[in-house]
Q: 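Sharing a structure, written as structure tokens. Questions coming.
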Amino acid sequence: MGKLDPDISFRPAVEAVFGKDNVIIVKSAQGGQPIRRWYKKWKQPSLEISSNATPVEQAQTAEARTEQPIGDLYQIMMKRVNGTLNGTRPATVTFIWMQGEADAGNGLDKAYKECLLGVLNQLRDDLHREDINFVIGRLSQFKTDSGWETVRKAQVEVAEASPRGAWVDTDDLPRTDIHYNGEGSKELGKRFADKAIARINGKTDSNKTAVNQACKEK
């Protein structure tokens with residue numbers, strides 16, 4: 001998310017629908033960070049090092065236990081948001097979220113859904129509105145281990161549990177490694193815009209509709 005420039009594909013798509021003077025975009029992102037840096041009520045989960053763990057896995061679990069700032073990136077984001085709004089109240093608010101790889105392992109994945117819901121709730125509280133739309137970018141299939149899949153599943157479940165939520169499929173986006181390349185980031189921005197526009201217009205999330213239809217056909 002840190003490398004995604006909203007001016008390349010996200011902003012043009014949104015402004016084309018709603019008008020340049022009717023759109024306010026505030027970006028606040030830092031790549032590779034755990035959700036604890038956005039969730040103010042995050043608590044250290046109980047982590048156990050398996051006796052069968054490799055030295056690398058042991059080091060990773062130990063690192064997950066280290067003290068890191070809690071909620072600091074969220075506070076930075078809200079300072080930017082409040083500074084940009086300067087007391088005005090937009091007709092709608094849509095939150096775009098692309099994060100998760102730093103929590104997809106070392107036992108942190110088990111708390112991811114609760115933490116993501118917590119981020120959304122604190123945003124509703126701090127902006128004093130319950131009508132916030134949100135679009136979640138699901139982690140790609142870069143990895144297939146259980147922790148990675150737990151985070152992917154949580155992201156979809158959180159999005160589909162709310163009439164204001166939607167999620168973006170990133171599995172087919174071109175990457176250089178774990179991150180998307182220029183074309184991948186451009187397409188990701190467009191997909192975020194398409195979902196955001198649909199939520200603002202009150203349309204059903206197409207991903208959710210497709211999943212429900214597939215279940216009916218079985």
Side-chain angles (χ1 to χ4, degrees), residues 1-6 10 26-50 53-81 95-123 134-159 165-182 184-185 188-189 191-192:
M1 194 66 168
K3 296 181 179 180
L4 194 156
D5 184 350
F10 182 84
V26 180
K27 178 184 175 181
S28 185
Q30 185 172 332
Q33 302 304 307
I35 200 168
R36 74 185 75 175
R37 300 192 67 184
W38 280 275
Y39 184 34
K40 296 184 291 184
K41 296 181 180 180
W42 186 89
K43 294 181 180 180
Q44 175 70 63
S46 176
L47 301 176
E48 296 182 1
I49 300 178
S50 170
T54 67
V56 172
E57 291 172 335
Q58 292 178 13
Q60 290 174 337
T61 302
E63 182 181 0
R65 288 174 168 161
T66 60
E67 292 293 331
Q68 288 191 6
I70 297 176
D72 64 314
L73 293 181
Y74 177 83
Q75 300 290 6
I76 291 172
M77 179 186 74
M78 292 307 299
K79 183 176 181 180
R80 292 177 182 175
V81 169
F95 181 56
I96 310 297
W97 178 258
M98 185 75 226
Q99 184 274 341
E101 62 189 63
D103 294 279
N106 306 318
L108 299 177
D109 53 286
K110 298 177 178 62
Y112 188 81
K113 183 177 180 179
E114 178 185 350
C115 293
L116 181 52
L117 289 169
V119 172
L120 293 171
N121 285 331
Q122 70 188 21
L123 185 63
F134 61 93
V135 183
I136 299 171
R138 185 181 66 176
L139 286 183
S140 70
Q141 290 180 315
F142 182 78
K143 295 182 180 180
T144 57
D145 58 73
S146 61
W148 197 266
E149 289 302 318
T150 297
V151 171
R152 279 167 55 89
K153 181 180 179 182
Q155 291 170 335
V156 172
E157 288 177 346
V158 169
W167 61 277
V168 168
D169 188 353
T170 66
D171 289 349
D172 62 332
L173 295 179
R175 306 189 304 262
T176 52
D177 43 43
I178 194 172
H179 298 114
Y180 311 109
N181 61 20
S185 294
L188 178 59
R191 292 183 185 183
F192 276 138

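By convention here, the first residue in the shown sequence is residue 1.
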Q: First locate atom CD of Gln30, then atom CG of Asp72, and finally report the distance between them rounded to the nearest 0.5 Å.
A: 8.0 Å

Q: When you look at Arg36 and Leu108, which way does the side chain to side chain contact (heavy atoms under 4.5 Å, CB included) test go after all the steps?
A: CA-CA 10 Å; Arg36 74 185 75 175; Leu108 299 177; 3.6 Å; yes

Q: Distance check, rounded to the nearest 0.5 Å: Tyr74 atom OH versus Lys40 atom NZ?
A: 5.0 Å

Q: Rounded to the nearest 0.5 Å, what separation is found between the CZ atom of Phe192 and the CG atom of Leu4?
A: 7.0 Å

Q: Within the structure provided, determine whether Arg138 and Asp171 are in side-chain contact (heavy-atom separation under 4.5 Å).
A: yes

Q: If you measure from CG on Leu120 to CH2 on Trp38, what distance do you get to the nearest 0.5 Å?
A: 13.5 Å

Q: Give the C-alpha distance, both sets of side-chain angles, the deciding distance and a yes or no for side chain to side chain contact (heavy atoms under 4.5 Å, CB included) between Phe95 and Val119.
A: CA-CA 11 Å; Phe95 181 56; Val119 172; 4.3 Å; yes

Q: Tell me, which pairs form a salt bridge (Lys or Arg N to Asp or Glu O under 4.0 Å) where one or both residues lie in residues 105-116, sequence neighbours left out?
A: Lys113-Glu157

Q: Strictly distance-based, threshold 3.5 Å: is any side-chain N or O of Asp103 a donor or acceptor partner for the main-chain N or O of Tyr112?
A: no

Q: Using only atom types and a distance under 3.5 Å, with no angle test, would you say the side chain of Gln99 pairs donor to acceptor with the backbone of Gln33?
A: yes

Q: Does Gln141 reach the side chain of Arg152, with side-chain heavy atoms less than 4.5 Å apart?
A: yes

Q: Relative to the ring of Trp148, is the ring of Phe142 parallel (under 30°), tilted (30 to 60°) or perpendicular (over 60°)?
A: tilted

Q: Quick one: which of Asp169, Thr170, Leu173 gives a side-chain contact (heavy atoms from CB on, under 4.5 Å) with Ser140?
A: Thr170

Q: Give the minimum heavy-atom separation between Cys115 and Trp42, together with the two atoms involved.
A: SG-CD1, 3.5 Å

Q: Do you know which two heavy atoms are closest between Gly32 and Ala102, and how far apart they sit?
A: O-CB, 3.8 Å

Q: Look up atom OG in Ser146 and atom NZ in Lys153, then write down how far apart they are to the nearest 0.5 Å.
A: 12.0 Å

Q: How far apart are the closest heavy atoms of Phe10 and Gly189, and which atoms are they?
A: CD1-O, 3.5 Å

Q: Could you go through the side chain to side chain contact (heavy atoms under 4.5 Å, CB included) check for Val151 and Glu101 one step at a time?
A: CA-CA 8 Å; Val151 171; Glu101 62 189 63; over 6 Å; no

Q: Got a salt bridge between Asp5 and Lys27, using NZ or NE/NH1/NH2 to carboxylate O under 4.0 Å?
A: no

Q: Under the criterion side chain to side chain contact (heavy atoms under 4.5 Å, CB included), I'd like the reasoning laid out for Phe134 against Val158: C-alpha separation, chi angles, the key distance, then a yes or no.
A: CA-CA 10 Å; Phe134 61 93; Val158 169; 4.1 Å; yes

Q: Indicate yes or no for a side-chain donor-acceptor contact from Gln155 to the backbone of Leu139 under 3.5 Å, with no hydrogens or angles considered.
A: yes

Q: Could you state the interatomic distance from CD1 (Ile35) to CG (Leu73), rounded to the nearest 0.5 Å?
A: 11.5 Å

